[in-house]
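Remarks on the structure that follows.
Chain naming here is simple, since letters A, B, ... match the order of the sequence lines and numbering starts at 1 in each.
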Number of protein chains: 2
Amino acid sequence: MRITYKSDYSLKTILNLAIHYGEEPVTIHELAKRSDIPIKFLEQILLDLKRGGFVESRRGKVGGYLLAKHPSKIGLLEVVRFVAGPVEPIACVDKKYRRCRDIDKCVFRDIWQKITNATEKILEEVTFEDLVKKSRKSQGNFVYQI
Amino acid sequence: MRITYKSDYSLKTILNLAIHYGEEPVTIHELAKRSDIPIKFLEQILLDLKRGGFVESRRGKVGGYLLAKHPSKIGLLEVVRFVAGPVEPIACVDKKYRRCRDIDKCVFRDIWQKITNATEKILEEVTFEDLVKKSRKSQGNFVYQI
DNA sequence: TATAATGTCTATTACATTAGTAGAGTTTAC
DNA sequence: GTAAACTCTACTAATGTAATAGACATTATA
């Protein structure tokens, strides 16, 4: 799990769409402006999010993007996994990691696992509906980066 | 915080030195062999760890490396911070991040902060003495990668 | 005092990832 | 039929990762 610019942009964009759930599609241009994201970069990000099943698109004149599901059905953990990769801090928790000959005996493994569990627990409890509420509560119509 | 090969090698090496605390210096060659680390890479890593104050060196014929402090005085959190960078998953928790115009209102900030706190709590409670004990307990003289 | 075994230091390299940019194509409301 | 939208593929510059290379400095001891 690594929050890069791309993953940050992805999260902001989904939140923006969540805030406007049930309304007209939002254009890439509008989303880019709201969160100050380079438009050509956002195009790619939205295509990824679409492939991930988080957003839907409408093509043509009055096209744009929409959230694919109700914000309450989109968990932060699944989104983070998709946009920021596995929660694990890599190393031996990662399945691909083959450096430890006797992996069961590695004393660090427990630590990474604990951190992974704690992180997942925090993310698991949050949906985008929660985030929308939180956003509205503390900021009126501020949204996030506008 | 990112556990790369370098940080993994660093942790293994410190644990190895912790296990042999109070004994003769351990040579780079020996450390490299024990943990299967490219020797020239380990040279650099050990110089870093020395600059960080975690290890000491003896030059010359019967030289090698030693832990700079008693294993009970070396916390896992400080070592992880040194070898794997800040615990935060970057984004707006990072001081350098300036994308959020009204940072107090960012709804994700809280989440990253919670994860950071939880991670720090886990790492804070562990010293290398704990890891040595854990290692001895479960594996006799296995150590970690040998 | 020579020498072998050790640590020290600076450069270089191959590869992958990140954060974009560029441009041509497709769809649809009007 | 055209403007306004999304779609797709390719390219690039900068940075980070994981080494590798080679010359140099120090010290125990034969």
Side-chain angles (χ1 to χ4, degrees), chain A residues 1-13 17 20 23-33 35-52 54-68 83-86 89-91 94 96-99, chain B residues 1-13 17 24-33 35-52 54-68 83-86 89-91 94 96-99:
Chain A
M1 170 177 150
R2 228 182 123 195
I3 308 299
T4 61
Y5 272 80
K6 188 177 177 187
S7 38
D8 179 55
Y9 293 159
S10 302
L11 291 167
K12 285 179 178 178
T13 299
L17 292 175
H20 295 281
E23 304 173 13
E24 294 299 291
V26 186
T27 65
I28 295 179
H29 182 78
E30 181 64 21
L31 290 167
K33 205 176 64 178
S35 301
D36 191 25
I37 302 171
I39 195 160
K40 295 300 283 183
F41 196 20
L42 184 55
E43 281 181 10
Q44 292 177 46
I45 287 168
L46 281 163
L47 289 174
D48 279 352
L49 293 178
K50 194 178 160 184
R51 285 179 206 116
F54 299 103
V55 305
E56 281 174 5
S57 61
R58 300 268 183 281
R59 297 182 73 158
K61 193 70 184 295
V62 294
Y65 279 90
L66 301 153
L67 218 55
V83 306
I90 318 298
D94 188 336
K96 281 171 254 165
Y97 198 84
R98 281 279 157 269
R99 293 203 62 78
Chain B
M1 171 177 146
R2 231 182 119 195
I3 307 300
T4 60
Y5 274 79
K6 189 177 175 186
S7 38
D8 179 54
Y9 293 161
S10 300
L11 290 166
K12 285 178 177 177
T13 299
L17 292 176
E24 293 300 291
V26 185
T27 65
I28 296 178
H29 181 80
E30 181 64 20
L31 290 166
K33 204 176 66 183
S35 301
D36 191 26
I37 301 170
I39 193 160
K40 297 298 284 179
F41 196 19
L42 184 55
E43 282 181 10
Q44 294 176 46
I45 287 167
L46 282 163
L47 289 174
D48 280 351
L49 293 177
K50 194 178 160 185
R51 286 180 205 114
F54 299 104
V55 305
E56 282 172 7
S57 61
R58 300 269 185 278
R59 298 182 74 158
K61 193 70 185 295
V62 294
Y65 279 89
L66 302 154
L67 217 56
V83 306
I90 317 297
D94 188 334
K96 282 171 253 166
Y97 198 84
R98 281 280 157 265
R99 292 204 64 78

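Counting atom types as modelled, A:R59 pairs a side-chain N or O with a base atom of C:dT26 as donor and acceptor under 3.5 Å.
With hydrogens and angles ignored, the 3.5 Å screen pairs no side-chain donor or acceptor of A:S35 with any backbone N or O of A:Y9.
If B:T27 and A:I39 are placed on DNA chain C by their nearest nucleotide, the residue sitting closer to the 5' end is B:T27. Residue whose closest nucleotide on DNA chain C sits further toward the 5' end, between A:V62 and A:K6: A:K6.
Ranking C:dA5, D:dA18, D:dT7 by closeness to the B:K61 side chain, first place goes to C:dA5.
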- Message: Let's go through B:T13 and B:S10 carefully: what are the C-alpha distance in whole Å and the side-chain angles of both, what is the deciding distance for side-chain hydrogen bond (donor to acceptor under 3.5 Å, both in side chains) to 0.1 Å, and is it a yes or a no?
- Response: CA-CA 5 Å; B:T13 299; B:S10 300; over 6 Å; no

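Partners of B:T27 according to the side chain to side chain contact (heavy atoms under 4.5 Å, CB included) rule, which considers only residues two or more places apart in sequence or in another chain, are B:H29, B:E30. For A:E23, the side-chain hydrogen bond (donor to acceptor under 3.5 Å, both in side chains) test picks out A:H20, with sequence neighbours left out. B:F54 pairs by the ring-ring contact (aromatic ring centres under 6.0 Å, His included) definition with B:F82, not counting sequence neighbours.
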May I have the list of side-chain donor-acceptor pairs in residues 55-64 of chain B shorter than 3.5 Å, sequence neighbours left out?
unit_1 : atom_1 : unit_2 : atom_2 : d
B:S57  : OG     : B:K50  : NZ     : 2.9

Pairs under 3.5 angstrom only: tabulate donor-acceptor contacts from the side chains of residues 38-46 of chain B to other protein residues two or more places apart or in another chain.
unit_1 : atom_1 : unit_2 : atom_2 : d
B:K40  : NZ     : B:E43  : OE1    : 3.3

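Atom CD1 of B:I3 is separated from atom P of D:dG16 by 18 Å (rounded to the nearest Å). Nucleotide C:dT6 holds its P atom 14 Å from the CG atom of B:L46, rounded to whole Å. Distance, A:E24 CD to D:dC6 P: 13 Å, rounded to whole Å. Note: CG (A:L42) to P (D:dC6) measures 9 Å, nearest angstrom. D:dT7 atom P lies 11 Å from atom CZ of A:R58, rounded to whole Å. If you measure from atom CG of A:D48 to atom C1' of C:dT18, you get 13 Å, rounded to the nearest angstrom. Atom CD1 of A:I28 is separated from atom C1' of D:dC8 by 12 Å (rounded to the nearest Å). Rounded to whole angstrom, the span from the OH atom of A:Y5 across to the P atom of C:dT18 amounts to 14 Å.
Considering only side-chain N and O atoms, A:R2 lies under 4.0 angstrom from the phosphate OP1 or OP2 of C:dT18. Proximity of B:T4 to the phosphate of D:dA18: a side-chain N or O atom is located under 4.0 Å from OP1 or OP2. Checking the phosphate oxygens (OP1, OP2) of D:dT7, a side-chain nitrogen or oxygen of A:Y65 falls inside 4.0 Å. Close to D:dA19, at under 4.0 Å from its OP1 or OP2, lies a side-chain N or O of B:Y9.
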Check nucleotides 9-15 of chain C for protein N or O atoms closer than 3.5 Å to its own N or O atoms and list the pairs.
unit_1 : atom_1 : unit_2 : atom_2 : d
C:dC9  : N4     : B:E43  : OE1    : 3.1

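Counting non-hydrogen atoms under 4.0 angstrom, B:G60 reaches a base of the nucleic acid.
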